[in-house]
2 protein chains.
Amino acid sequence: MLLRRLERQPHTFGQAGKLTPSDIHTIDAIGLEGTMLMSELASRLGVTKGAITQLIDKLQAKALVTRSPHPQDSRSSIVSLTELGKEAYVAHEAMHLAYYEQLRTQLSEQEIEVFEKSIDILNTVLHDMLNH
Amino acid sequence: MLLRRLERQPHTFGQAGKLTPSDIHTIDAIGLEGTMLMSELASRLGVTKGAITQLIDKLQAKALVTRSPHPQDSRSSIVSLTELGKEAYVAHEAMHLAYYEQLRTQLSEQEIEVFEKSIDILNTVLHDMLNH
DNA sequence: GGATTACGTTTAGTTACTAAACTAAAAATG
DNA sequence: CATTTTTAGTTTAGTAACTAAACGTAATCC
């Protein structure tokens, strides 16, 4: 229920202004890899390519990402972060780290290991769930 | 990312046909308590009362819930599950149990305790997150 | 070199909400 | 007890974040 609510609420990251969860997940994926193709983003985020076009249009309008042509394949476009986009990415990473630290203060090292193992299992369970 | 995707995908529960995540969360809340007021549902699910009116209208049209007048307060309406609604509730509970069992086969009793403790902590962390 | 596949875009439609105005009933005030 | 205020739920119009399907264009595959 909490995650549901969180995943609807925009949040401010650095100078980039308010970003929706979809926005920041997109920026996160790009930032993690450096650059991304539209189709890679679609499969990574689990949405259609049409959705990615719209998302990237929006982020480009906000000057958070840029599209550049692929040198070998002129159908593809390479998406990367602008300086402003990188700032949002870093701010988001910092936030994650802060929450991870908060977890670490309340759990021992062994407990964290168990937690991570549990999350892995949960991950496969949820994956099964998605594929019915 | 997985949870995001799961929380968009409808799923079949018993004879009730396809239910969206919002549908099944609503049914779950009612089933857990037996009956619920509209306003209780709104705060439990973290949405506006307008959203609840629309949700319950939809579930009522599908014959999954009923509205009945509150004996003392004629502004309120008491929402409860029909037999079909209860069937969906039970099917959903069974699904949860099945996934919990799947976790249990892969974790020791102590590990489950640690996992539950971790989830509690994560819960408060996410709660903080929501309140900025 | 023509058919097929893949990349990205466009468009129209859907879903799941919110915000705000509203009705009516209950509770508080004085 | 009359009046103001609060509370419960509904209605309506608008929005965000998608999807599905058709499209244009470029690459790949016998």
Side-chain angles (χ1 to χ4, degrees), chain A residues 1-11 17-27 29-30 35-62 64-80 130, chain B residues 1-11 17-27 29-30 35-62 64-80 130:
Chain A
M1 230 60 248
L2 258 174
L3 282 172
R4 246 178 106 78
R5 259 190 258 185
L6 274 169
E7 281 298 318
R8 283 169 212 285
Q9 200 131 44
H11 194 283
K18 290 223 166 187
L19 298 178
T20 66
S22 295
D23 291 343
I24 199 63
H25 287 141
T26 307
I27 287 172
I30 304 165
T35 63
M36 279 256 170
L37 301 180
M38 301 293 278
S39 49
E40 289 174 338
L41 279 172
S43 76
R44 167 75 79 93
L45 301 179
V47 296
T48 60
K49 48 217 179 101
I52 294 298
T53 298
Q54 295 167 39
L55 252 167
I56 294 298
D57 283 353
K58 190 174 69 163
L59 293 179
Q60 200 168 26
K62 285 189 182 182
L64 295 165
V65 306
T66 51
R67 270 187 261 227
S68 48
H70 189 290
Q72 272 82 49
D73 188 340
S74 60
R75 294 169 305 177
S76 304
S77 47
I78 298 174
V79 184
S80 41
L130 197 61
Chain B
M1 228 62 244
L2 259 175
L3 281 172
R4 245 178 106 78
R5 258 190 259 185
L6 275 169
E7 281 298 319
R8 284 170 211 284
Q9 201 130 46
H11 194 282
K18 290 225 165 185
L19 298 178
T20 67
S22 295
D23 291 343
I24 199 61
H25 286 141
T26 307
I27 286 171
I30 303 166
T35 63
M36 279 256 171
L37 302 181
M38 301 294 279
S39 48
E40 288 174 338
L41 280 172
S43 76
R44 165 77 78 95
L45 302 178
V47 296
T48 60
K49 51 221 175 99
I52 294 298
T53 297
Q54 295 167 40
L55 252 167
I56 294 299
D57 283 352
K58 190 174 69 163
L59 293 178
Q60 200 168 26
K62 287 189 183 180
L64 294 165
V65 306
T66 50
R67 270 186 258 229
S68 50
H70 190 289
Q72 273 82 50
D73 186 340
S74 60
R75 294 169 306 176
S76 304
S77 48
I78 297 173
V79 183
S80 41
L130 198 62

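Every chain is numbered from 1 and lettered A, B, ... according to where its sequence line falls, protein lines coming before strand lines.
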Under 4.0 Å: is that the gap between some side-chain N or O of [X] and OP1 or OP2 of [N]?
X       : N      : result
A:Lys58 : D:dA16 : no
B:Arg8  : D:dA16 : no
A:Thr20 : D:dA17 : yes
A:Ser22 : D:dC18 : yes

5'-most by nearest nucleotide on DNA chain D - B:Ser77 or B:Arg4: B:Ser77
Using 0.5 Å steps for rounding, measure from the [atom1] atom of [X] to the [atom2] atom of [Y].
X       : Y       : atom1 : atom2 : answer
A:Gln54 : A:Ile52 : CD    : CD1   : 9.5 Å
B:Arg75 : B:Met38 : CZ    : CE    : 14.5 Å
B:Ile27 : B:Ile24 : CD1   : CD1   : 4.5 Å

Expressed in angstrom and rounded to an integer, what is the separation of [X] atom [atom1] from [N] atom [atom2]?
X       : N      : atom1 : atom2 : answer
A:Ile52 : D:dA17 : CD1   : P     : 13 Å
B:Ile78 : D:dG9  : CD1   : C1'   : 14 Å
B:Glu7  : D:dA17 : CD    : C1'   : 15 Å
A:Met38 : D:dG24 : CE    : P     : 19 Å
A:Gln9  : D:dA17 : CD    : C1'   : 16 Å
B:Gln60 : D:dT10 : CD    : C1'   : 13 Å
A:Lys49 : D:dG24 : NZ    : P     : 14 Å

Could you check if a side-chain atom of [X] sits within less than 4.5 angstrom of a side-chain atom of [Y], using non-hydrogen atoms only?
X        : Y       : result
A:Leu37  : A:Ile78 : yes
B:Leu41  : B:Ile56 : yes
B:Ser22  : B:Leu45 : no
A:Leu130 : B:Arg5  : yes

Need one value for [X]: base, sugar-phosphate or nothing, where a base atom within 4.0 Å counts as base even if backbone is also close, heavy atoms only.
X       : result
B:Thr48 : base
B:Arg67 : sugar-phosphate
A:Ser39 : sugar-phosphate

Under 4.0 Å protein heavy-atom contact, by nucleotide of nucleotides 25-30 of chain D - B base, S sugar-phosphate only: -BS---
Step-by-step side chain to side chain contact (heavy atoms under 4.5 Å, CB included) determination, B:Glu7 to A:Leu3: CA-CA 10 Å; B:Glu7 281 298 319; A:Leu3 282 172; over 6 Å; no
Summary of salt bridge (Lys or Arg N to Asp or Glu O under 4.0 Å) pairs that have at least one residue in residues 37-61 of chain A, sequence neighbours excluded: A:Asp23-A:Lys58, A:Glu33-A:Arg44, A:Asp57-A:Arg67
Verdict with reasoning, B:Thr26 to B:Leu64, per side chain to side chain contact (heavy atoms under 4.5 Å, CB included): CA-CA 11 Å; B:Thr26 307; B:Leu64 294 165; over 6 Å; no
Range on DNA chain C touched by chain A, heavy atoms, distance below 4.0 Å: C:dA6 to C:dC17
Of the listed nucleotides D:dA17, D:dC18, D:dG9, the one nearest the side chain of A:Gln54: D:dC18
